[in-house]
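Per chain, numbering begins at 1; letters A, B, ... match sequence-line order. Quick note: numbers below take in every heavy atom, side chains included, and nothing from hydrogens, waters or symmetry partners.
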Protein chains: 2
Amino acid sequence: MATPSAAPRVGSRRQRSAPVSESRYDRRLSEILVHATEVFCKKGYEGASMRDLSRESGMSLAGLYYYFESKERLLYLIQKHTFSTIVQRLKSRLENVSDAEQRVRIFILNHLEYFLANQAAMKVLSHEDEALKNGFGAEVAAIKREYYRICVGLLDHLKRDRRLQFSTRIAVLSLFGMMNWIYTWHNPRVDADAAAIGGEMGDIFLRGVLGADTK
Amino acid sequence: MATPSAAPRVGSRRQRSAPVSESRYDRRLSEILVHATEVFCKKGYEGASMRDLSRESGMSLAGLYYYFESKERLLYLIQKHTFSTIVQRLKSRLENVSDAEQRVRIFILNHLEYFLANQAAMKVLSHEDEALKNGFGAEVAAIKREYYRICVGLLDHLKRDRRLQFSTRIAVLSLFGMMNWIYTWHNPRVDADAAAIGGEMGDIFLRGVLGADTK
DNA sequence: ACTTAATTCGAACGAGCGTTCGAATTAGCC
DNA sequence: GGCTAATTCGAACGCTCGTTCGAATTAAGT
């Protein structure tokens with residue numbers, strides 16, 4: 001989960017960008033991140049205390065600070081990793097597909113699959129959107145903007161191809177709304193899997209925008 | 001904003017259900033609720049302190065407790081009032097319309113109009129969904145369920161009328177997602193008004209579900 | 001086995017939290 | 001103007017918060 005590798009004290013940044021093998025430090029940090037994600041998901045960022053995180057991850061309160069310098073940076077690490085991963089997977093999946101409609105369907109499927117497979121992390125990402133201040137927030141916001149721009153690109157492509165007319169902005173944000181809202185209602189014991197839900201949402205959304213012919 | 005009227009100490013509930021004229025107490029409580037909504041919207045329920053609320057509303061910290069017995073009850077009052085109002089407005093607007101598609105459009109318009117006219121309150125309602133514990137939470141959840149059931153009813157009506165086939169649950173929750181997500185992106189200086197956005201969303205959503213003919 | 005560096009922890013810090021209480025102030029009524 | 005009840009407030013309560021520090025423990029290299 002954690003990219004850096006093999007340096008001791010917090011604050012001093014790691015340098016090797018290609019970690020040959022995951023160090024002990026990295027593995028432990030990843031574990032903590034997983035537990036922290038669960039706690040942030042359950043109690044919210046503000047509502048979760050460092051003592052909660054300590055209890056959940058089985059490490060002493062002070063021990064946590066060996067791995068990151070503040071609670072805020074912890075949230076940053078979770079958000080950055082989650083978002084980077086979903087963008088990277090999307091890009092790789094889009095590589096071999098050129099049909100405009102198929103590309104939108106892949107976007108939806110990728111988003112929902114990752115969302116449901118990593119519900120806690122994605123809830124933290126969606127729900128704690130404004131929790132990070134200044135520098136931390138800006139970096140995550142940049143990834144988010146890139147992700148948003150990709151979706152805009154896909155829909156503009158579709159619009160051009162089929163000569164459609166609709167507001168790309170509203171369409172993209174509506175689609176994100178449909179998908180992201182899932183964290184408030186999805187129940188794995190009741191609801192279908194990502195492929196099925198993605199299919200239904202894709203049907204509704206795509207019929208919706210494809211029906212918007214040029215007058 | 002506050003329904004009760006004309007009793008002094010917190011805890012003792014008010015009785016007159018038809019307040020002839022808004023008492024001083026009610027007016028002051030409403031003011032506090034408005035300011036508190038703003039603060040909860042800006043900093044989140046957990047992130048906002050009673051001292052923040054005191055500063056914003058211009059009343060001393062202790063003075064606030066003359067009007068409600070806890071921070072949690074304050075959130076409850078805000079959520080309950082907001083939700084009740086939107087449901088009540090919806091019902092009155094639906095009274096004179098019988099066409100199934102028109103009724104869905106009214107639902108969307110009502111939701112977005114109220115959302116954009118009371119952005120702070122609706123963000124608190126959407127974002128602080130799980131903040132209330134036990135009793136308080138249950139009562140708000142009941143209103144929410146009623147609102148949800150109304151929307152299910154509208155879509156089932158549409159399905160029956162036009163002999164469509166789609167999952168009502170997914171459709172309803174997708175629609176709520178599209179609409180509620182607006183609190184994360186709407187910018188009054190850039191984006192259109194509720195009628196225009198509601199039109200676009202209604203087009204996408206309705207073409208989406210209306211296209212789902214029985215095979 | 002010994003040394004050095006990496007990791008973990010108990011205990012404490014000051015600050016801020018939600019809430020309470022009794023006294024002070026104000027408004028409404030004769 | 002004086003009385004009563006409604007309203008407001010300063011000061012403090014006990015508690016939890018995020019963070020720090022120095023010492024104790026563990027792992028790694030020789």
- prompt: Under 4.0 Å: is that the gap between some side-chain N or O of Ser49(A) and OP1 or OP2 of dC17(D)?
  reply: yes
field: d(OH, Tyr45(B); P, dG18(C)) in whole Å
entry: 8 Å
- prompt: Mapping Ala48(B) and Gly58(A) to their closest nucleotides on DNA chain C, which lands nearer the 5' end?
  reply: Gly58(A)
query: Phosphate oxygens OP1/OP2 of dT8(D): is one of them under 4.0 Å from a side-chain N or O of Tyr67(B)?
result: yes
task: Using a strict 4.0 Å threshold on nitrogen-to-oxygen distance, state whether Lys123(B) and Glu130(A) make a salt bridge.
output: yes
query: Nearest-Å distance, CZ (Arg27(A)) to C1' (dT7(C))?
result: 13 Å
task: Give the nucleotide from the list dC9(C), dA27(C), dC9(D) with an atom nearest to the side chain of Arg24(B).
output: dA27(C)
message: Please determine whether a side-chain nitrogen or oxygen atom of Tyr65(B) lies at a distance below 4.0 Å from atom OP1 or OP2 of dT19(C).
response: yes
message: Side-chain N or O of Tyr66(B) versus OP1/OP2 of dT8(D): is the shortest distance under 4.0 Å?
response: no
query: To the side chain of Ser60(A), which of dA6(C), dC17(D), dC9(C) is closest?
result: dC9(C)
query: OP1 or OP2 of dT8(D) less than 4.0 angstrom from a side-chain nitrogen or oxygen of Arg28(B), does that happen here?
result: yes
- prompt: Would you call Glu146(B) and Lys91(B) a salt bridge, taking side-chain N to carboxylate O under 4.0 Å as the test?
  reply: yes
task: To the nearest Å, give me how far apart CG (Asp52(B)) and P (dC17(C)) are.
output: 6 Å
query: To the side chain of Met59(A), which of dC9(C), dG18(D), dT8(D) is closest?
result: dC9(C)
- prompt: Is any side-chain N of the basic residue among Glu31(A) and Arg27(A) closer than 4.0 Å to the acidic one's carboxylate O?
  reply: no
message: In whole Å, I'd like the distance from the NZ atom of Lys71(B) to the P atom of dC17(C).
response: 9 Å
query: Given dT8(C), dA12(C), dC17(C), which nucleotide is nearest the side-chain atoms of Leu61(A)?
result: dA12(C)
query: Atom CD of Glu46(A) and atom P of dT16(D): how far apart are they, to the nearest Å?
result: 18 Å
message: Regarding dG18(C), can its base be found pairing with the side chain of Arg51(B) as donor and acceptor, where the two atoms are less than 3.5 Å apart?
response: yes
query: Below 4.0 angstrom, N of the basic side chain to O of the carboxylate: do Glu139(A) and Lys80(A) qualify?
result: yes
Whole-Å gap separating P (dT8(D)) and CG (Leu29(B)): 11 Å
query: With respect to the side chain of Ala62(A), which nucleotide from dT19(C), dG18(C), dA11(C) is positioned closest?
result: dA11(C)
message: Without decimals, in angstroms, what is the distance between Glu72(A) CD and dC17(D) P?
response: 18 Å
- prompt: Separation of Met50(A) atom CE from dA11(C) atom C1', in whole Å?
  reply: 16 Å
message: Can you tell whether the side chains of Asp52(B) and Lys42(B) come within less than 4.0 Å, N to carboxylate O?
response: no
